[in-house]
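Here is the structure we will look at.
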Amino acid sequence: MKAIQFLKQGGPEVLQLVDLPVPRPKEGEVLVKVDFAGVNFADIYQRNGQNPVTLPSLPGAEGAGVVVDGNATFAAGTRVAWLSQPGSYAEYLAIPAWKLIRLPSDISNQQAAAALLQAVTVQYLTETSYHVQAGDRVLVHAGAGGVGLLLIQLLKHKGATVLTTVSSAEKETLVKNAGADNVIRYTETNFVEAVKELMGQQGVHAVYDSVGLTTYLGSMAVLRPLGTLVLFGQSSGTVPAIDPMSLCRHGSLFFTRPTLAHHVADAASLTQRSQRVLGWLQQQVLQLRIGGIYALGDAAKAHADLESRNTSGKLLLSVAADI
């Protein structure tokens, strides 16, 4: 089978298209033919060395496809998706059956690969990391990204007032279409000053920050007393250690650094969160935006494009067929 592999950590150029044996499923696993694989910042963090991996490594954790060697629960031909299985940048994947999500007839494989990881992320961000209530004031950094656009939509569905940061006029249009109430172009305006001007002395109830190093101090500065900073990414670099007393000085703030794996660590949690997300997709609470579809062999370009922060929406690798 064809797969993407890297032998050392580094830039996008370390990603190589290689031939590997089709994996043989172990007990409790099924073999899936991959149609689409999602491209995420977590893949980049593993490739560039921000997160440790065992080398050689096969990137990717999310995708959708069709079972080819199944079991009693997932027969051959069943359409499935997954969001936490390493090695998803490949034509075939052996995966524990409990990690699979059966897809309803009205959700395509492409939609599932574009939605599930980021939509489940949005679910736990708004219902576990910080439980959003109607009337909350919330700041979302990188609102035009894959998570950002879904997060804005869900926050508006829950009745929040949404402020968001973007870098361009094109992205401003995207986030407004997603429902953002106030848009701040961080390339032209200091976002801390802009938020304080919009919110007065109130501050925001929560900040969802996937940018990290260049934004976290400002994110703390715009929170109201007892507000919550949810740091769930580090696209600009890793945030250094935070002095607990700084949280006190800013108003007894709450700080959390969640990650997906702990929220879908067992079958019951995965089922509960994924079914909630599939319901939102079916009800059109969440509208998807696919920012680009790349051939498997163009994984390096997909990584470079995502790292540039000039993309919007979700990036996918088309694994089953050339594009």
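- Note: F232 CZ to S129 OG = 9.5 Å, rounded to the nearest 0.5 Å.
- The residues E172 and R185 are annotated as salt-bridged, a charged nitrogen and a carboxylate oxygen being separated by less than 4.0 angstrom.
- No donor-acceptor pair closer than 3.5 Å links the side chain of Q118 to the backbone N or O of A115.
- Residues L229 and S219 approach most closely at CD1-CB, 3.7 Å, considering heavy atoms.
- In this view, P240 and L213, Y216 satisfy the side-chain contact (heavy atoms from CB on, under 4.5 Å) rule, not counting sequence neighbours.
- Connection of V175 to V195 is not established within any shared hydrophobic cluster, with ILVMFWY side chains joined at heavy-atom distances below 4.5 Å, either directly or through further cluster members.
- Within 6.0 Å of the NZ atom in K301, the count of heavy atoms belonging to other residues, nucleotides or ligands does not exceed 12.
- Taken from CG in L100 to OG1 in T73, the straight-line distance is 9.5 Å, to the nearest 0.5 Å.
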Derivation of the side-chain hydrogen bond (donor to acceptor under 3.5 Å, both in side chains) call for D181 and T161: CA-CA 6 Å; D181 297 287; T161 296; 4.6 Å; no
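- Using a 4.0 Å cut-off between charged nitrogen and carboxylate oxygen, D69 and R24 do not count as a salt-bridge pair.
- Residues V192 and A221 share a closest heavy-atom pair of CG1-CB, 4.2 Å.
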Yes or no on side-chain hydrogen bond (donor to acceptor under 3.5 Å, both in side chains) for H141 and T215, after CA distance, side-chain angles and deciding distance? CA-CA 8 Å; H141 285 297; T215 53; 4.5 Å; no
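- A donor-acceptor pair under 3.5 Å is formed between the side chain of T187 and the backbone N or O of S167.
- In terms of heavy atoms, Q111 sits closest to D106 at OE1-O, 3.7 Å.
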Can you check side chain to side chain contact (heavy atoms under 4.5 Å, CB included) on Y186 and V166, steps first, answer last? CA-CA 6 Å; Y186 68 85; V166 298; 5.6 Å; no
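- A donor-acceptor pair under 3.5 Å is absent between the side-chain atoms of E197 and the main chain of A194, judged by distance alone.
- In this structure, K176 NZ and T164 OG1 are separated by 12.0 Å, a value rounded to the nearest 0.5 Å.
- For the pair Q50/T238, a side-chain contact is recorded, criterion being any heavy-atom separation below 4.5 Å from C-beta on.
- Closest approach of P104 to L278, counting heavy atoms only: CD-CD1, 4.1 Å.
- In terms of heavy-atom proximity, S88 sits nearest to W82 at OG-NE1, 2.9 Å.
- Hydrophobic clustering (ILVMFWY, side-chain heavy atoms < 4.5 Å, transitive): I101 and L286 are in one cluster.
- The two atoms that bring P23 and L31 nearest to each other are O-CD1, 3.5 Å, heavy atoms only.
- One N or O on the side chain of N190 and one on the backbone of E193 form a donor-acceptor pair closer than 3.5 Å.
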Checking side chain to side chain contact (heavy atoms under 4.5 Å, CB included) for the pair E29/I95: CA distance, chi angles, key distance, verdict? CA-CA 5 Å; E29 295 182 337; I95 179 169; over 6 Å; no
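- With hydrogens and angles ignored, the 3.5 Å screen pairs a side-chain donor or acceptor of D136 with a backbone N or O of Q133.
- Between E127 and K158 there is a salt bridge, since at least one side-chain N of the basic residue sits less than 4.0 Å from a carboxylate O of the acidic one.
- Note that CD of Q153 is 8.0 Å distant from CG of L288, once rounded to the nearest 0.5 Å.
- Residues L223 and V204 meet the side-chain proximity criterion, which asks for heavy atoms closer than 4.5 Å.
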Let me see the working for L154 and W280 under side chain to side chain contact (heavy atoms under 4.5 Å, CB included), right down to the final yes or no. CA-CA 9 Å; L154 189 58; W280 287 330; 3.6 Å; yes
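- Residues P96 and Q85 form a side-chain contact, since some pair of their non-hydrogen atoms from C-beta on lies under 4.5 Å apart.
- Transitive grouping of hydrophobic side chains (ILVMFWY, heavy atoms separated by less than 4.5 Å) brings V319 and Y294 into a common cluster.
- Between K314 and E62, at least one side-chain nitrogen of the basic residue sits less than 4.0 Å from a carboxylate oxygen of the acidic one, meeting the salt-bridge criterion.
- Between the N40 side chain and the D43 main chain, no donor and acceptor come within less than 3.5 Å of each other.
- Proximity of V32 to F74: side-chain heavy atoms (C-beta onward) are nowhere separated by under 4.5 Å.
- At distances below 3.5 Å, not a single donor-acceptor pair connects side-chain atoms of D305 with backbone N or O atoms of A302.
- A search for side-chain contact (heavy atoms from CB on, under 4.5 Å) contacts involving S235 returns F41, Y45, V211, R309, not counting sequence neighbours.
- Taking the side chain as every heavy atom from C-beta outward, L116 and V277 approach each other to under 4.5 Å.
- Residue pairs meeting the side-chain hydrogen bond (donor to acceptor under 3.5 Å, both in side chains) criterion with at least one member in residues 255-273, sequence neighbours excluded: Q123-R273, T128-R273, Q234-R257, D266-S269.
- The main-chain N or O of L260 is found under 3.5 Å from a side-chain atom of Y124 such that the two form a donor-acceptor pair.
- Residues V239 and M245 do not share a hydrophobic cluster, defined by chaining ILVMFWY side chains whose heavy atoms lie under 4.5 Å apart.
- A distance-only check finds a donor-acceptor pair linking the side chain of R79 to the backbone of I107 [under 3.5 Å].
- With values rounded to the nearest 0.5 angstrom, F6 atom CZ is found 9.0 Å from N48 atom CG.
- Side-chain contact between Y208 and L139 is absent, with no heavy-atom pair separated by less than 4.5 Å.
- Counting only heavy atoms from C-beta outward, the side chains of L155 and V140 approach each other to under 4.5 Å.
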T78/V66 under side chain to side chain contact (heavy atoms under 4.5 Å, CB included): CA gap, chis, key distance, verdict: CA-CA 6 Å; T78 304; V66 180; over 6 Å; no
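- Separating the CG atom in L20 from the CG atom in L58 is a distance of 6.0 Å, to the nearest 0.5 Å.
- T228 places no side-chain N or O within donor-acceptor distance of the main-chain N or O of F254, the cut-off being under 3.5 Å.
- Side-chain contact between Q9 and V53: present, with at least one pair of heavy atoms (C-beta onward) separated by less than 4.5 Å.
- Put simply, L163 and L151 are part of two different groups of oily side chains (I, L, V, M, F, W, Y) that touch within less than 4.5 Å, one to the next.
- Taking the charged nitrogens against the carboxylate oxygens, R47 and E307 do have a contact shorter than 4.0 Å, which makes a salt bridge.
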